[in-house]
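Following: one structure in structure tokens, then a few remarks.
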Amino acid sequence: MSQAVNAGFPLLTATAAVPALGAILTAAVPAARRTAAKWLALTVSLVTLALAVVVLVDFEPGGDRYQFVESYSWIKDFGVRYELGVDGIGVALIALTALLIPFVILAGWHDADPLETKSSRWRPTQGFFALILMVEAMVILSFEATDVFLFYILFEAMLIPMYFLIGGFGDRAHAGTDENAAAQRSYAAVKFLLYNLVGGLIMLAAVIGLYVVAGNFSLTEIAEARASGQLEMATNTERLLFLGFFFAFAVKAPLWPLHTWLPNAMGEATAPVAVLITAVVDKVGTFAMLRFCLQLFPEASKWATPVIIALALVSIVYGALLAVGQRDIKRLVAYASISHFGFIIMGIFAMTSQGQSGATLYMVNHGISTAALMLVAGFLISRRGSRLIADYGGVQKVAPVLAGTFLIGGLATLSLPGLAPFVSEFLVLVGTFARYPVAGVIATTGIVLAALYTLVLYQRTMTGPVKEEVRTMPDLRVRELAVVAPLIALLIFLGVFPKPLTDIVNPAVSHTMSDVQQKDPKPEVEAAK
């Protein structure tokens with residue numbers, strides 16, 4: 001397990017420390033200086049993005065597996081270290097997170113402004129943006145952590161700011177004195193917290209069990225000892241530890257049947273916070289399957305693969321079917337995301353290089369496409385004051401730019417060729433079909449259903465007669481265009497030229513395939529007569 005310790009500037013620490021410090025400073029801005037707090041948060045997010053770009057540019061895909069390594073003793077008596085390092089998969093997801101946060105902040109520019117109601121006490125502007133920056137810091141650090149105990153702390157700690165973002169800052173479509181709306185937000189936040197806490201507690205038991213078996217928490221040391229034969233685990237022990245880790249990651253991802261918290265959370269949160277949930281935080285779960293499950297428990301991962309593939313297929317089809325039947329725009333996007341996460345998990349456990357490369361690309365591309373679609377949907381909902389699809393109609397005639405960007409985001413969601421998600425979904429299906437052809441065929445039904453729910457959503461909201469309530473709807477403003485246009489451009493760029501991303505990801509995937517001692521199956525071709 002090659003890695004090079006960086007004795008220079010602690011770049012990985014800086015990428016997480018800047019938003020963490022920014023969160024503290026933003027929260028400390030006086031209450032009357034709301035605009036200053038917004039600009040401070042945006043500036044901090046842009047500085048973090050600049051640091052992430054430095055990591056991306058300086059990363060050497062053909063170099064050591066883990067780069068920019070930092071390692072310091074933390075809790076010496078228990079062998080806990082502050083140990084960071086990134087491979088190509090981690091670099092790609094750090095870049096995704098740092099890229100999306102400025103757009104989340106811009107899109108939510110007015111989401112936490114005080115209201116002329118009792119609920120205004122739940123909308124301190126400074127707290128809203130400080131919580132977003134704190135989530136960013138924890139997510140980035142979780143992509144960097146190579147100490148299992150450090151990762152566990154971050155995995156759990158990010159639930160706290162997310163809980164307050166979901167429960168304290170609800171969708172403006174429900175703003176006012178509606179006590180039922182407040183109860184729904186509270187329910188969604190508590191459900192999110194309980195599901196993820198249960199998963200985290202089970203993972204904690206597995207983390208302790210891993211320490212008992214291995215004697216330390218270092219991912220790299222444990223993996224090296226396993227690969228060299230110096231550390232052997234009994235079959236049942238490895239399987240139990242794997243299940244403990246995987247359960248927590250499957251809740252976070254989310255995978256059916258552990259998914260039910262996501263539609264509630266995304267439905268009741270503001271659109272930017274919904275993006276934070278599904279495009280940023282949930283990626284920690286699928287990332288951790290690659291980094292921890294496959295690397296620490298290779299034999300157990302192969303043992304569990306058939307069941308996981310089956311669960312992923314259920315997620316793909318079930319999520320898409322429920323998206324078809326939704327009347328709520330945001331819940332439709334939530335169920336579509338459940339279907340997409342099924343593709344990601346299926347690609348990871350297909351145990352092929354195409355499947356895992358596609359799954360990693362899918363994490364990035366799903367983040368961008370979902371952000372584009374959900375943020376435009378948020379702008380739409382804020383104008384009409386309703387999340388119900390039936391309350392719209394003819395929007396493209398009064399707000400053509402809004403309708404056009406909504407359409408591109410939707411087409412990316414259904415993986416139209418030429419847009420970024422197509423490449424990743426194609427690789428996942430090819431990689432899955434190579435080893436599990438039946439699963440590959442079943443998974444394609446998710447593509448057909450995606451086309452159905454996306455095009456029906458567009459047809460019902462954007463086309464047809466103009467409803468009276470949307471007749472005076474304004475088109476996208478400059479700030480909103482600044483949010484959407486770069487995401488649309490990136491979807492097109494990565495759709496026609498994914499090579500910069502695949503060059504970074506593929507070497508890391510090769511290492512993961514080596515961890516589980518798997519090679520791509522050779523295609524069966526009849527000998528020429």
Side-chain angles (χ1 to χ4, degrees), residues 166 171 173 184 187-188 191-192 195-196 250-271 273-283 285-286 310-346 362-363 365-378 380-381 386-392 406 409-416 421 424-425 428 442-461:
I166 296 168
D171 193 333
Q184 289 177 1
Y187 172 79
K191 189 173 184 179
F192 161 82
Y195 266 68
N196 285 274
V251 172
K252 184 85 78 179
L255 177 69
W256 183 92
L258 307 171
H259 67 286
T260 59
W261 62 268
L262 183 65
N264 296 101
M266 288 184 65
E268 299 305 322
T270 65
V273 173
V275 170
L276 200 61
I277 295 169
T278 190
V280 177
V281 173
D282 286 357
K283 298 300 187 299
T286 47
L311 293 176
L313 286 174
V314 174
S315 287
I316 291 169
V317 178
Y318 173 84
L321 283 172
L322 264 65
V324 170
Q326 288 304 305
R327 297 181 297 171
D328 183 310
I329 297 174
K330 292 169 71 177
R331 289 179 70 92
L332 185 151
V333 178
Y335 280 110
S337 290
I338 291 170
S339 181
H340 295 149
F341 274 106
F343 276 106
I344 294 171
I345 295 170
M346 184 177 71
Y362 216 136
M363 290 186 229
N365 294 333
H366 170 264
I368 300 170
S369 62
T370 299
L373 180 61
M374 179 59 82
L375 292 178
V376 177
L380 179 69
I381 291 168
S386 172
R387 301 182 340 218
L388 297 178
I389 296 172
D391 288 341
Y392 296 87
F406 189 85
L411 293 176
T413 297
L414 64 82
S415 300
L416 183 76
S424 44
E425 193 166 281
V428 166
I442 295 173
T444 58
T445 60
I447 302 175
V448 178
L449 293 171
L452 179 61
Y453 62 68
T454 300
L455 296 177
V456 168
L457 171 65
Y458 183 83
Q459 184 265 329
R460 291 179 177 175
T461 55

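These values consider heavy atoms only, across backbone and side chains, with no hydrogens, waters or symmetry-generated copies. Numbering of residues begins at 1 and proceeds along the displayed sequence.
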Stepwise side chain to side chain contact (heavy atoms under 4.5 Å, CB included) check, V275 with T370: CA-CA 7 Å; V275 170; T370 299; 5.6 Å; no

Step-by-step side chain to side chain contact (heavy atoms under 4.5 Å, CB included) determination, T413 to Y453: CA-CA 10 Å; T413 297; Y453 62 68; 4.2 Å; yes

Stepwise side chain to side chain contact (heavy atoms under 4.5 Å, CB included) test for Y392 and I381: CA-CA 10 Å; Y392 296 87; I381 291 168; 3.9 Å; yes

Step-by-step side-chain hydrogen bond (donor to acceptor under 3.5 Å, both in side chains) determination, Y195 to T260: CA-CA 9 Å; Y195 266 68; T260 59; 2.7 Å; yes

Derivation of the side chain to side chain contact (heavy atoms under 4.5 Å, CB included) call for F341 and H259: CA-CA 10 Å; F341 274 106; H259 67 286; over 6 Å; no

Stepwise ring-ring contact (aromatic ring centres under 6.0 Å, His included) test for F343 and H366: CA-CA 11 Å; F343 276 106; H366 170 264; over 10 Å; no

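Atom CE of residue M266 and atom CZ of residue R331 lie 10.5 Å apart, to the nearest 0.5 angstrom. Once rounded to the nearest 0.5 Å, the distance linking CD of Q326 with CG of L388 reads 11.0 Å. A distance of 11.0 Å separates OG of S315 from CD1 of I344, quoted to the nearest 0.5 Å. Here the OG1-OH distance, from T286 to Y362, works out to 12.0 Å after rounding to the nearest 0.5 Å. Atoms CG and CD, on L416 and E425 in that order, are 11.0 Å from each other to the nearest 0.5 Å. With values rounded to the nearest 0.5 angstrom, S415 atom OG is found 5.5 Å from H340 atom NE2.
At distances below 3.5 Å, at least one donor-acceptor pair connects side-chain atoms of R387 with backbone N or O atoms of G267. Panel note: side chain K283, backbone T278; a donor-acceptor pair is recorded below 3.5 Å.
The side-chain heavy atoms of Y335 and D328, taken from C-beta on, include no pair separated by under 4.5 Å. The shortest distance between side-chain heavy atoms of P263 and I338 falls below 4.5 Å.
Nearest heavy-atom pair across S424 and N365 is OG-ND2, 3.4 Å. Scanning both residues, S339 and A320, for their nearest heavy atoms gives CB-N, 3.8 Å. Closest non-hydrogen pair, A412 versus S369, comes out as CB-CB, 3.7 Å. Across all non-hydrogen atoms, the minimal contact from A265 to I166 is CB-CD1, 4.0 Å. Contact record, A271 with G378: CB-CA, 3.6 Å, taken as the closest heavy-atom pair. Between A188 and E268, the shortest heavy-atom distance links the atoms CB-CG, 3.8 Å.
Shown here are the side chain to side chain donor-acceptor pair (under 3.5 Å) partners of T445, two or more places apart in sequence or in another chain: there are none.
For the side chain to side chain contact (heavy atoms under 4.5 Å, CB included) with L449, the lone residue among L321, T444, I316, L414 that qualifies is L321. Applying the side chain to side chain contact (heavy atoms under 4.5 Å, CB included) test between L457 and each of T454, L455, T461 identifies T461 as the sole match. For the side chain to side chain contact (heavy atoms under 4.5 Å, CB included) with V251, the lone residue among L262, D282, L258 that qualifies is L258.
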